[in-house]
Structures are given as C-alpha cells and as structure tokens.
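Read through the structure below, which is laid out as structure tokens, and then see the notes.
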Amino acid sequence: MPNGDGEFSYADDAELVEQFVSWTSEAVAELKEIVAGLTGEEGKSDEKTDRIYDLTHNIKGMGSSFDFPLMTNAGSSLCSYIKNIPADKTVSPKVVEAHVRVFEVVLEHKIQGDGGDKGKALQTRLATIISDET
C-alpha cells in the first residue's frame, strides 16, 4: 500500500517485514564476512568492493518499503561513498564496518521509522567517520 510519500510500503504486513529482516540479516552477515577479509588495499573496482556495493544497494532499495529508512539512509551513504572513491584510493575498512554496524543495530532492535535521536546520532556518526577517512 502507498505510504504518505506516495511510495509503496509493506510495513503493515508483519510476515513480509520478518522476511525482510531475515533476508537483510543474511546480507549483513555476508557483509561482515567481507569486512573481516578486507586488507585496506581494495580499490573501487575490486571484487569485494563490488559485492559490498551490490548487497548494500539491495538493502538500501528495500529499506523504505518496510519502514526501515535508517537502512536506506545508511545504504545510500555507503553506496555514495563507494561510488565516489577516487581511482587512486582504497576502500576504508573502517567506513564499511561502521555502515555494517548501523545495519546490525537497526536489525537487532528492529528500528522502524527514523529512529528519533538515536537514528540521527547513527547518521551523524557515519558522516563523521566518512569525513575522517576521506
């Protein structure tokens, strides 16, 4: 059903929300494995970077449909970070890990909506980490 923004929302269907949480938890587990294997030498077009981007892009795309805008915002942030890595720079494991941690926190606490002050704090923290690492 359309939400107030005219976008389609599945947030009222508990079964679909649980499926989203389950699928996203699996994607986040894969992201954690990739992060654990990052050497700090991966560039923008590295296979690991591509997989991080793909998983994150999927999370980003579905988050709002299930009223998990923090997932969408964190996903947008990480996708933008990866897209904007200069050819002569490497992916910061710290930046990727911070985003994955936000995904974990949101899923663990099933934070739907904007997350209030905690949600703002998570987003501010991501912006600071990216700024510090770029």
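This structure is a prediction, so every number in the text was calculated from the model and none was measured.
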Closest contact, heavy atoms only, [X] versus [Y]:
X      : Y      : result
Val105 : Ile111 : O-CD1, 4.2 Å
Pro69  : Gly113 : CG-O, 3.1 Å
Asp46  : Lys48  : OD2-N, 2.8 Å
Leu126 : Ala74  : CD1-CB, 4.0 Å

In Å and rounded to the nearest 0.5 Å, what is the [atom1] to [atom2] distance from [X] to [Y]?
X      : Y      : atom1 : atom2 : result
His109 : Leu70  : NE2   : CG    : 12.0 Å
Ile82  : Ser77  : CD1   : OG    : 10.0 Å
Ile34  : Glu47  : CD1   : CD    : 9.5 Å
Thr90  : Glu133 : OG1   : CD    : 9.5 Å
Leu78  : Ile130 : CG    : CD1   : 7.5 Å
Ile129 : Thr134 : CD1   : OG1   : 11.5 Å

Side chains of [X] and [Y] in contact at under 4.5 Å (non-hydrogen atoms):
X      : Y     : value
Glu104 : Lys32 : yes
Tyr53  : Lys83 : yes
Val21  : Phe66 : no
Met71  : Met62 : no
Phe20  : Leu16 : no
Leu107 : Val28 : yes
Ile59  : Leu31 : yes
Thr72  : Lys60 : yes

> Got a salt bridge between Glu18 and Lys110, using NZ or NE/NH1/NH2 to carboxylate O under 4.0 Å?
Replying inline: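 Yes, charged N to carboxylate O under 4.0 Å.
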> Is a salt bridge present between Lys94 and Glu97, judged by a nitrogen-to-oxygen distance below 4.0 Å?
Replying inline: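 No salt bridge links Lys94 with Glu97.
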> Got a sec: does the CG of Asp117 have more than 12 other heavy atoms crowding it under 6.0 Å?
Replying inline: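 Atom CG in Asp117 is not crowded, with 12 or fewer foreign heavy atoms closer than 6.0 Å.
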> Knowing that exactly one of Thr56, Thr24, Leu55 qualifies, which makes a side-chain contact (heavy atoms from CB on, under 4.5 Å) with Phe103?
Replying inline: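 Testing Phe103 for a side-chain contact (heavy atoms from CB on, under 4.5 Å) against Thr56, Thr24, Leu55 leaves exactly one candidate, Thr56.
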>> Checking the side chain of Glu42 only, and the main-chain atoms of Gly40 only, is there a donor and an acceptor separated by less than 3.5 Å?
In response: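 Side chain of Glu42 to backbone of Gly40, a donor-acceptor pair under 3.5 Å: yes, one is there.
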> Is Thr49 reaching over with its side chain to a backbone N or O of Ser45, donor-acceptor style, under 3.5 angstrom?
Replying inline: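 No: the side chain of Thr49 does not pair with the backbone of Ser45.
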